[in-house]
Participant: 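Encoded as structure tokens, here's the structure I'll be asking about.
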Amino acid sequence: MRFIETIRENIRSRLVQALTLAKDKGELSFSEVPNFNIEIPREKEHGDFAANTAMVMAKEARMAPRKIAEIILSNLDTTGSYIAAAEVAGAGFINFFLNTDWLYQVPGAIHKMGAGYGHVDLGQGEKVQVEFVSANPTGLLHMGNARGGAIGDSLANLLKAAGYQVEKEFYINDAGNQIILLGKSLDARFCQLLGIDTVFPEDGYHGNDITATAKHYIDEYGDALINKPAPEREAELCDYALKEKLASIKEVMGLYGVNFDVWYSERTLHDSGKVRAAVDYLLEKGYAYEKDGAVLLKAERGSDSNEKKPEKGEHVNLEDKDDVLVRANGIPTYFAADIAYHRDKFQRGFDRVINIWGADHHGHVARMKRAVSLFGYDPDKLTVILMQLVRLMRDGEVVKMSKRTGEYVTLEELIDDVGYDAARYFFVMRNPDSAMDFDLNLAKSKTSDNPVFYVQYAHARICSILRQAQAKGFVLPDFAKVDYSVLVKAEELALIHKLAELPEEIASAAESLEPHRLCPYLHDLASAFHSFYRQCRVVDGEEPLRNARLGLAKATAIAIANGLGILGVNAPEEM
RNA sequence: GCGCUCAUAGCUCAGCUGGAUAGAGUGUUUGGCUACGAACCAAAAGGUCGCAGGUUCGAGUCCUGCUGGGCGCACCA
């Protein structure tokens, strides 16, 4: 039930009606009804809604906006609507003031819908895939994964609430050079643990977790593997590590409240021939060509050769460069696998594919979209949300994080330090576009500065109030059927109004793929409740008012729980 | 050098497709618990929205240039 949207559309159609009437009477001249906005003004004195109709048509109508607004108003029929007054204001706005009748349906409706309140049908069952985290199984989960996990999971929840059919996917990078390197690193640790002096690979993974994995293997299978040739040892250890790493990633993601629907292995892309098939397709279509045994994807501008191999660090314009799909040694690149992966996503029937990537991959976006279009899919159906990197701060200094050096704070440690709810809320509340600093000292201090507590506190308070009411022997009525029109104080009406906005907040956040927009809303909602609570006695008082206020409080708890639920944050009954 | 991105209160950040007097939190100052949870409420102070142009009825928001951060430019992933 979109209360506000319904009223907005009602006002819109009445305005259009007024315009047409004015045109028929010859008071206004225009060819087509203009595209105008009806927005909710920031200032209360400007009414509940404001239309810019007169301003946008001033030029064509060759008339002052205020004059046009006057004409529209004189033709406006407000009978049978919630409109109590309408007036011309400012540069030519038409401001609408509603009577409060519409508010009284809201709390009852919320009780009727319960956990479904706030949900809208924007997506109409459209199939969407959200792929996120997709952390390399060569190390532990870090802050970047934490940010991606919070954003991705909330986005998936948000889209579900907005009527989309959503699948959450984790892409397992279990192939390629890094996996070979993982094997070498493991083998070196394995040998070292068995007392054999071994040189650790220069670019190897230095993390303690790699040593731990090697040790686990020895604990489980002994040292027999040492007699096998190195490549065999590396492969065996690598398989073992992948299994262990993946189990650990799943476990920590679970602790973080993120449960993926699909874990998609890069290896299966290669083994099933999908990578080869994608490359062959591009060759057949003439989008790619062979050179010295390698396969290259032609650059967008159509250059068909790469005479000069760019050296590392040399500055090359990406658009002019042909991308390598298969190396001269016959091994496909990450890019080729990723192309095949995205082709596969669309072949699986998703109407829309959303990826959440770290900003360090932004150079990859344009060519991936192009690749999608080469396979005949609409590149606009692929959306890549880039999130800027997380900088970890300790004692005012940046903590360098690197899998290479093995020095980083893990997601698991973070959850231990700051708690599940704070971690989730902290990461999702920020716009992905901006780089964020995560202050470890602040996080570890466990102060209640975190805004998530403010919202949760409101929920816990309401639960407490309801417990109080029952303890005092009041029988709670069916809140869906209570008469809420006894609520007339400003704080009560403001709270109901805020409650009515939830569906719009979900709709607009889903439309722009920005779950973080729910955070300021939830804060405002909690604030409206706290003000109401300060001003109005809830539990005592006379029967009709008491039930209405209890129902209003409970409706607020429902809305908060639904909103927090989308963000993956708990709504505690006590805290 | 080319490209992406960011710049809003002392600090951390919102600001929805351009709308009227730019908002929260935190910090500072000041009031409020012998009534339902003070992890709360009420109020004050705090701004040339990085700089300069442009587009129009109207710009924090769109365009151009500049300054300053972050990131990317491999037969790595």
Side-chain angles (χ1 to χ4, degrees), chain A residues 37 39-43 45-46 50 52 54-56 58-59 64-65 89-93 95 136 138 173 175-179 181 203 266 292-296 306 309-321 323-329 331-335 337-338 358-366 386 388-389 391 429-431 433-437 439 442 447-451 453-454 456-458 460-469 471-472 504-505 508-509 511-512 514 516-517 519-520 523-524 527 530-531 533-541 553 574-575:
Chain A
N37 287 333
E39 53 203 26
I40 298 171
R42 195 165 42 217
E43 302 294 324
E45 304 82 71
H46 297 147
N52 64 353
M55 281 124 91
V56 296
K59 195 171 262 179
F93 289 100
N95 291 345
N136 284 332
T138 54
N173 298 112
N177 274 344
Q178 54 173 356
I179 290 307
L181 196 56
D203 305 330
E266 178 184 354
D292 303 332
V295 179
L296 289 92
N306 248 14
K309 260 190 204 173
E311 295 299 316
K312 184 174 178 173
E314 188 186 333
H315 306 306
V316 174
N317 191 338
L318 193 72
E319 289 164 33
D320 294 331
K321 206 187 130 304
D323 291 303
V324 177
L325 295 173
V326 181
R327 301 180 183 91
N329 64 11
I331 298 174
T333 60
Y334 163 83
F335 183 46
D338 224 13
D360 51 340
H361 290 79
H362 70 76
H364 197 48
V365 176
L386 292 173
Q388 297 296 321
L389 304 184
R391 277 200 317 178
M429 73 185 285
R430 282 171 163 74
N431 190 327
D433 288 342
S434 0
M436 63 179 281
D437 289 344
D439 187 329
L442 182 70
T447 60
S448 53
D449 295 345
N450 199 308
F453 292 124
Y454 183 81
Q456 289 183 315
Y457 182 64
R461 226 181 189 185
I462 294 166
C463 294
S464 169
I465 290 166
L466 291 165
R467 284 192 298 267
Q468 281 284 335
K472 288 192 179 180
E504 300 317 314
E505 291 293 331
S508 67
E511 208 161 3
S512 57
E514 296 177 324
H516 75 272
R517 296 225 317 240
C519 295
H523 182 275
D524 286 352
S527 177
H530 287 308
S531 295
Y533 175 80
R534 269 286 138 193
Q535 208 61 35
C536 307
R537 287 291 299 172
V538 177
V539 175
D540 301 325
E574 291 174 34
M575 55 191 287

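Just so it is clear: chains get the letters A, B, ... in the order the sequence lines come, proteins before strands, and each one is counted from 1.
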Participant: Can you find a side chain N or O atom of A:His516 that sits less than 4.0 Å from OP1 or OP2 on B:C16?
Facilitator: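 Checking A:His516 against B:C16: no side-chain N or O falls below 4.0 Å of OP1 or OP2.
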Participant: Closest nucleotide of RNA chain B for A:Glu514 versus for A:Arg327: which of these residues is on the 5' side?
Facilitator: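 Its nearest nucleotide lies further toward 5', so the answer is A:Glu514.
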Participant: When both hydrogen-bonding distances must be under 3.5 Å and the geometry is Watson-Crick or G-U wobble, what is B:C16 paired with, if anything?
Facilitator: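 Pairing partner: none.
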Participant: At under 4.0 Å, does any side-chain N or O of A:Gln468 touch on OP1 or OP2 of B:G37?
Facilitator: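 Affirmative; the distance criterion is met.
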Participant: Considering just the side-chain nitrogens and oxygens of A:Ser527, establish if one lies under 4.0 Å of OP1 or OP2 belonging to B:A24.
Facilitator: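 Checking A:Ser527 against B:A24: no side-chain N or O falls below 4.0 Å of OP1 or OP2.
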Participant: Just name whichever nucleotide pairs with B:A42, Watson-Crick or G-U, keeping both distances under 3.5 Å, else none.
Facilitator: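 Answer to the pairing question: B:U30, which forms a Watson-Crick or G-U pair with B:A42.
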Participant: Pick the P atom in B:C40 and in B:G27, then give their distance to the nearest Å.
Facilitator: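 Between the two P atoms, the distance is 10 Å.
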Participant: Return the nucleotide paired to B:G3: Watson-Crick means purine N1 to pyrimidine N3 with N6-O4 or O6-N4, wobble means G-U with N1-O2 and O6-N3, both under 3.5 Å.
Facilitator: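 The answer is B:C71, by the H-bond criterion.
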Participant: Classify the glycosidic conformation of B:C33 as syn or anti, calling it syn when the angle lies within 90° of 0.
Facilitator: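 Base orientation relative to the sugar is syn.
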Participant: Round to a whole Å and report the spacing from CG of A:Asp323 to C1' of B:A74.
Facilitator: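 Rounding to the nearest Å, CG of A:Asp323 and C1' of B:A74 are 11 Å apart.
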Participant: When you get a sec, tell me which of B:A39, B:A42, B:C13 is the closest nucleotide to the side chain of A:Met436?
Facilitator: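 So the side chain of A:Met436 is nearest to B:C13.
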Participant: Only pairs with both distances under 3.5 Å count, Watson-Crick or wobble alike; so what is the partner of B:C36 in this structure?
Facilitator: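 Its partner: none found.
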Participant: Using Watson-Crick or G-U wobble geometry with both distances under 3.5 Å, which nucleotide pairs with B:G47?
Facilitator: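 Partner of B:G47: none found under 3.5 Å.
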Participant: Would you kindly give the CZ-to-C1' distance between A:Arg42 and B:A14, to the nearest whole Å?
Facilitator: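 After rounding, the reported distance stands at 13 Å.
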Participant: Answer yes or no: side-chain N or O of A:Asp360 and base N or O of B:G72 forming a donor-acceptor pair under 3.5 Å.
Facilitator: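 Per atom types, no contact qualifies.
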Participant: In whole angstrom, give the distance that lies between atom CG of A:Asn431 and atom P of B:C13.
Facilitator: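 Rounding to the nearest Å, CG of A:Asn431 and P of B:C13 are 11 Å apart.
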Participant: To the nearest Å, how far apart are A:Arg430 CZ and B:C13 P?
Facilitator: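 One finds 5 Å between P of B:C13 and CZ of A:Arg430, rounded.
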Participant: Go ahead and name the base partner of B:U64; Watson-Crick or wobble counts if both distances stay under 3.5 Å, otherwise write none.
Facilitator: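 The answer is B:A52, by the H-bond criterion.
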Participant: Rounded to the nearest angstrom, tell me the gap between atom CG in A:Asp524 and atom P in B:G15.
Facilitator: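 In whole Å, B:G15 P lies 13 Å from A:Asp524 CG.
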Participant: Among the nucleotides B:C75, B:A77, B:G37, which one has an atom lying closest to any side-chain atom of A:Ala294?
Facilitator: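 Comparing B:C75, B:A77, B:G37 against the side chain of A:Ala294, the answer is B:C75.
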Participant: Anything under 30° is parallel, anything over 60° is perpendicular, the rest tilted; go ahead and classify A:His364 against A:Tyr334.
Facilitator: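 A:His364 vs A:Tyr334 ring planes: tilted.
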Participant: Does B:C41 have OP1 or OP2 sitting under 4.0 Å from an N or O in the side chain of A:Tyr454?
Facilitator: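 Yes, within the criterion.
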Participant: Figure out the CG/C1' separation between A:Asp433 and B:G15, and round it to whole Å.
Facilitator: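 After rounding, the reported distance stands at 13 Å.
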Participant: Rounded to whole Å, please give me the gap between CZ in A:Phe453 and C1' in B:G37.
Facilitator: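 Roughly 16 Å, once rounded to whole Å.
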Participant: Just how far, in rounded Å, is P of B:G23 from CZ of A:Arg517?
Facilitator: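 My rounded result for the distance is 18 Å.
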Participant: Answer yes or no: side-chain N or O of A:His364 and base N or O of B:G72 forming a donor-acceptor pair under 3.5 Å.
Facilitator: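 Result: no qualifying N/O pair found.
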Participant: So, does A:Asn173 get its side chain near the phosphate of B:A77, meaning an N or O under 4.0 Å from OP1 or OP2?
Facilitator: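 False: A:Asn173 side-chain N/O out of range (4.0 Å or more) of B:A77 OP1/OP2.
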Participant: If the C1' atom of B:G1 is compared with that of B:G54, how far apart are they to the nearest Å?
Facilitator: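 That atom pair is separated by 28 Å.
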Participant: Distance check: side-chain N/O of A:Arg537 vs OP1/OP2 of B:C36, anything under 4.0 Å?
Facilitator: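 Checking B:C36 against A:Arg537, no side-chain N or O comes under 4.0 Å of OP1 or OP2.
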Participant: Just to confirm, is there a sub-4.0 Å distance from OP1 or OP2 of B:C57 to any side-chain nitrogen or oxygen of A:Lys59?
Facilitator: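 Answer yes for this pair, as a side-chain N or O of A:Lys59 is under 4.0 Å from OP1 or OP2.
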Participant: Of the nucleotides B:A24, B:C75, B:G37, which one has an atom closest to the side chain of A:His523?
Facilitator: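 Nearest nucleotide to the side chain: B:A24.
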Participant: Look at the side chain of A:His362 and the base of B:C71, then say whether one donor and one acceptor between them are separated by less than 3.5 Å.
Facilitator: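 Check passes, donor-acceptor contact within cut-off.
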Participant: Do any side-chain nitrogens or oxygens of A:Ser508 fall under 4.0 Å of OP1 or OP2 in B:C16?
Facilitator: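 Indeed not, no polar side-chain atom of A:Ser508 lies that close.
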Participant: Using OP1 and OP2 only, check whether a side-chain N or O of A:Tyr457 sits under 4.0 Å from B:A39.
Facilitator: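 Yes, because at least one side-chain N or O of A:Tyr457 sits under 4.0 Å from OP1 or OP2 of B:A39.
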Participant: In whole angstrom, give me the gap between the C1' atoms of B:G46 and B:A24.
Facilitator: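 Per the computed distance, 14 Å lies between those C1' atoms.
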Participant: If you compare every side-chain N and O of A:Arg534 against the phosphate oxygens of B:C36 (OP1, OP2), does one of them come in below 4.0 Å?
Facilitator: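 Answer is no, no contact under 4.0 Å.
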Participant: When you measure from the side chain of A:Thr333 to the backbone N and O of A:Leu325, does any donor-acceptor pair fall under 3.5 Å?
Facilitator: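 Flag set: sc A:Thr333 to bb A:Leu325 pair under 3.5 Å.
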Participant: With distance as the sole test, does A:Ser531 use its side chain to make a donor-acceptor pair with the main-chain N or O of A:Ser527 at under 3.5 Å?
Facilitator: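 Answer holds: yes.
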Participant: B:A14 phosphate, OP1 or OP2: any side-chain N/O from A:Ser434 under 4.0 angstrom?
Facilitator: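 For B:A14, OP1/OP2 do have a side-chain N/O of A:Ser434 under 4.0 Å.
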Participant: Starting at the 5' end of RNA chain B and moving along, which residue's nearest nucleotide shows up first, A:Asn37 or A:Asn329?
Facilitator: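 First, find each residue's nearest nucleotide; the 5'-ward one identifies A:Asn37.
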Participant: I want to verify a distance call: between B:C75, B:C40, B:C71, whose nearest atom is closest to the A:Leu389 side chain?
Facilitator: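 The listed nucleotide nearest to A:Leu389's side chain is B:C71.
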Participant: When A:Arg461 is tested against each of A:Gln456, A:His530, A:Glu574 for side chain to side chain donor-acceptor pair (under 3.5 Å), which residue passes?
Facilitator: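 Of A:Gln456, A:His530, A:Glu574, side chain to side chain donor-acceptor pair (under 3.5 Å) with A:Arg461 is met by A:His530 alone.
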